[in-house]
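Starting from 1, each residue takes its place in the sequence as its number.
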Amino acid sequence: MPNLEKPNLEKSGTFKLGNRTVKRLGYGAMQLAGKGVFGPPRDRAEAVAVLREAVESGVDHIDTSDFYGPHVTNQIIKEALHPYKDDLVIVTKIGAMRGADASWNPAFSKEALTQAVHDNLKNLGLDAIEVVNLRAMFDVHGPAEGSLEEPLTVLADLQRQGLVKHIGLSNVTAKQIADGRKITEIVCVQNQYNLAHRGDDALIAELAGEGTAYVPFFPLGGFSPLQSSTLSDVAADLKASPLQVALAWLLQRAPNILLIPGTSSRGHLRENLAVADLVLPADAIAKLDGIGSAKAG
């Protein structure tokens, strides 16, 4: 059973993110907002405590966005952690906005993107953002082809102004990544990927060869949590939870994968971070690999 008391995040390894090196096990702030990632959390004090414990436990990579809430998660991050530790890398994303009905809408205009960067800077209390991911919104539910030239050009200009240090892409295709590199350096890609959602297998390998970080969102299934009898059986054999095993599989899947599992409770945070101590044997990995293969078939 992974150690829930004193996780050693160094065991998860490190990888380059922009010009910084971070531990591969980080934290995603999406769940710090209210239900549906909209409005304030039920327990703001617990949200603050989760962030502080994450950093105290060794997390040095936090993923967020000002459209979580909106504004809510960034304001909580600032309250909990500002002034930030020198080794803490905060990554945000732009390209979407929330409607009054909690809908997710594209926000790709020059004005919207510029405002989004300034909102992130203000609510996080930063002069410059380490990494900003541009989230493609041609299809809210997954990557879809479409030109990112105009929004990426806007973001690259904000980078030249010194407001953004590095640029990444989210919810994108391999073609969009290749096209984006003609405009600016792309330091990371953030797409949906997990045991059962394996569409980026080839892309991850390609990015690993290039030294580019891949950050899977919904590593545990997101709004539809992973459920598999195979996963449950492997977890029982290892005396770990199914979600811990799913995270451990991602860590062992490729060296360029950076994990950002999110939670709004300290207990769940400890379970997530304990994954650094969980090593999956080859037979377990083979069984887990079959989940994605069976789904694809």
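- Of the N and O atoms on the side chains of N120 and N74, at least one donor lies less than 3.5 Å from an acceptor on the other residue.
- Across P41 and I76, no two heavy atoms sit closer than the pair CG-CD1, 3.8 Å.
- For the atom pair L152 CG and I186 CD1, the distance stands at 5.5 Å (nearest 0.5 Å).
- At most 12 non-hydrogen atoms from other residues, nucleotides or ligands lie less than 6.0 angstrom from CE of M97.
- A salt bridge links R181 and E210; the closest N-O separation between the charged side-chain nitrogens and carboxylate oxygens is under 4.0 Å.
- We find that E150 and K110 are not joined by a salt bridge, their nearest charged nitrogen and carboxylate oxygen being 4.0 Å or further apart.
- The shortest non-hydrogen separation linking F38 to A100 is CZ-O, 3.8 Å.
- By the side chain to side chain contact (heavy atoms under 4.5 Å, CB included) test, H82 pairs with K78, Y84, sequence neighbours left out.
- Summarising the geometry of S12 relative to L25, their closest heavy-atom pair is OG-N, 3.6 Å, with the distance given to 0.1 Å.
- Here the shortest heavy-atom pairing between A29 and Y68 reads C-CD1, 4.3 Å.
- Contacts classified as side-chain hydrogen bond (donor to acceptor under 3.5 Å, both in side chains) and involving residues 182-193 (residues at least two apart or in different chains) are given here: D63-Q190, K93-Q190, Q159-T184, N191-D200, Y193-R198, Y193-D201, Y193-R253.
- Scanning all heavy atoms of the two residues, the minimum distance from P151 to L134 falls at CB-CD2, 3.8 Å.
- No hydrogens or angles considered: a donor-acceptor pair under 3.5 Å links the side chains of D289 and W249.
- Between the side chains of T64 and T92, not a single donor N or O lies within less than 3.5 Å of an accepting N or O.
- With sequence neighbours excluded, no residue forms a ring-ring contact (aromatic ring centres under 6.0 Å, His included) with Y27.
- Transitive grouping of hydrophobic side chains (ILVMFWY, heavy atoms separated by less than 4.5 Å) brings L155 and I129 into a common cluster.
- Heavy-atom minimum distance, L280 versus V245: CD1-O, 3.9 Å.
- Atom CG of N19 is surrounded by more than 12 heavy atoms from other residues, nucleotides or ligands within 6.0 Å.
- Sorted by first and then second residue, the side-chain hydrogen bond (donor to acceptor under 3.5 Å, both in side chains) pairs involving residues 34-43 (not counting sequence neighbours) form an empty list.
- Remark: the backbone N or O of R135 is not paired with any side-chain donor or acceptor of N133 at under 3.5 angstrom.
- For CD of E145, the number of neighbouring non-hydrogen atoms (other residues, nucleotides, ligands) closer than 6.0 Å is greater than 12.
- When side chains are defined from C-beta on, L258 counts as touching F15, because their heavy atoms get closer than 4.5 Å.
- Applying the salt bridge (Lys or Arg N to Asp or Glu O under 4.0 Å) definition to pairs two or more places apart or across chains, those involving residues 161-173 are E130-K165.
- Residues in residues 46-62 take part in these side-chain hydrogen bond (donor to acceptor under 3.5 Å, both in side chains) pairs, two or more places apart or across chains: E46-R266, E53-R270.
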